[in-house]
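Structure, as structure tokens:
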Protein chains: 2
Amino acid sequence: MKNNTIIDNEGIENPEKLNLKENNCAVTNVFKVIGGKWKVLLVNAIYNDCPKRFGELKREMENVITQATLTTQLRELERDGIICRKAYAESPPRVEYKLSELGKTLIPVIRSLETWWDAYSKCVSEQK
Amino acid sequence: MKNNTIIDNEGIENPEKLNLKENNCAVTNVFKVIGGKWKVLLVNAIYNDCPKRFGELKREMENVITQATLTTQLRELERDGIICRKAYAESPPRVEYKLSELGKTLIPVIRSLETWWDAYSKCVSEQK
DNA sequence: CAGAATCCTCCCGGATACTG
DNA sequence: CAGTATCCGGGAGGATTCTG
């Protein structure tokens with residue numbers, strides 16, 4: 001509580017640069033967008049089968065994450081402009097998700113992460 | 001506690017694929033290695049000025065993270081094979097960090113994440 | 001069918017103090 | 001100088017229940 005009143009700035013000559021304990025590293029910002037535990041999985045799923053209905057995602061993720069968590073992750077991806085949500089005013093209701101144009105630019109980045117992981121894990125397993 | 005005895009498997013026909021609530025998505029695994037709040041910053045710092053002494057890192061990160069947190073993050077990076085730690089048996093003690101060969105392969109991946117973030121944030125700020 | 005609302009748990013990172 | 005040791009709070013994500 002005592003530290004809620006802005007951090008002690010003694011000795012800090014350039015507070016802007018430090019951004020007050022916040023880390024404005026670009027990569028850290030990327031993690032805020034796609035670092036959610038299931039987000040890349042969802043982006044891939046929606047990319048591979050587009051548009052994707054909520055019910056399909058739910059079925060595929062069943063017994064892995066709950067519906068509540070699924071909804072939360074999707075909402076955040078939508079808020080950050082990665083996916084588009086379209087609700088049809090029908091009965092029963094239907095909701096479809098697609099990757100936005102911005103979201104599509106993520107795919108190559110995700111692929112490069114996957115490629116790095118493959119090489120990394122292979123290397124790690126070999127050297128022991 | 002009740003859920004410690006392996007999760008209810010009813011209705012799961014293919015437990016291996018689900019990996020028991022674990023997410024074996026490659027990208028998620030990458031996040032476990034470099035997803036720590038300050039790790040990419042540290043990797044960049046060590047890469048740009050190699051070898052890097054602990055004291056230098058501490059000074060650069062002063063008023064941003066504590067020494068304890070710095071040590072923890074470095075230890076994890078070392079454990080995961082990204083950086084190499086070399087301690088000299090001198091007095092006063094000296095410790096140097098370098099990127100491992102494996103760690104160097106991270107640099108292009110980090111650059112691609114940075115590039116994506118630049119484009120992303122520009123796009124987001126324009127469209128509102 | 002799709003989601004909102006609550007409550008709860010776990011763990012990462014932070015503050016502080018002590019050490020060879 | 002470069003660490004450990006210990007305690008602690010906050011936030012992400014999960015379980016459960018209720019709704020149009």
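Heavy-atom basis, side chains included; hydrogens, waters and symmetry copies ignored. Throughout, protein chains are lettered first and strands after them, A, B, ... in sequence-line order, and every chain is numbered starting at 1.
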Let me spell it out: for each of B/F54 and A/Q67, pick the nucleotide of DNA chain D with the closest heavy atom. Which residue's pick is nearer the 5' end?
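Its nucleotide being nearer the 5' end, the pick is B/F54.
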
I'd like to know if [X] and [Y] make a salt bridge, using a cut-off of under 4.0 Å between side-chain N and carboxylate O.
X      : Y      : result
A/K52  : A/E96  : no
A/K58  : A/E60  : no
B/E101 : B/K104 : yes

Starting at atom [atom1] of [X], determine the distance to atom [atom2] of [N], rounded to an integer number of angstrom.
X     : N      : atom1 : atom2 : answer
A/E62 : C/dC1  : CD    : P     : 11 Å
B/R75 : C/dG13 : CZ    : P     : 16 Å
A/M61 : D/dG13 : CE    : C1'   : 12 Å
A/R94 : C/dA2  : CZ    : P     : 9 Å
B/I34 : C/dG13 : CD1   : C1'   : 18 Å
B/F31 : C/dG13 : CZ    : C1'   : 19 Å
B/K52 : D/dA2  : NZ    : P     : 13 Å
B/I65 : C/dT16 : CD1   : P     : 15 Å

Point to revise | Between B/T115 and B/S112: side-chain donor-acceptor atoms closer than 3.5 Å | key: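 Their side chains do not contain a donor-acceptor pair, so the 3.5 Å distance test is not met.
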
Is the closest side-chain donor-acceptor distance between A/T105 and B/W116 under 3.5 Å?
yes

>> With a 4.0 Å limit, can you tell me whether A/W38 has a side-chain N or O closer than that to the phosphate oxygens OP1/OP2 of D/dA12?
In response: no

Requested in this report: Tell me, please, which residues at least two apart from B/E114 pass side-chain contact (heavy atoms from CB on, under 4.5 Å).
Outcome: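 If we apply the side-chain contact (heavy atoms from CB on, under 4.5 Å) test to B/E114, skipping adjacent residues, the hits are A/A26, A/V27, B/N44, B/I110, B/R111.
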
Does any N or O in the side chain of A/T28 come within less than 3.5 Å of the main-chain N or O of A/N24, such that one atom is a donor and the other an acceptor?
-> no

Double-helix bend of the helix from C/dC1-D/dG20 to C/dG20-D/dC1, axes at both ends from 5 pairs, round to 10°, gives 40°

ask   = Which part of the nucleic acid, if any, lies within reach of B/Y97 when heavy atoms closer than 4.0 Å are counted: base, sugar-phosphate only, or nothing?
value = sugar-phosphate

Exercise for review: Pick base, sugar-phosphate or nothing for B/R85, based on heavy-atom distances below 4.0 Å to the nucleic acid.
Suggested key: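 Sugar-phosphate: the residue B/R85, judged by heavy atoms under 4.0 Å, touches backbone atoms but no base.
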
Closest to the 5' end of DNA chain C, once B/A68 and B/E76 are matched to their nearest nucleotides, is B/E76

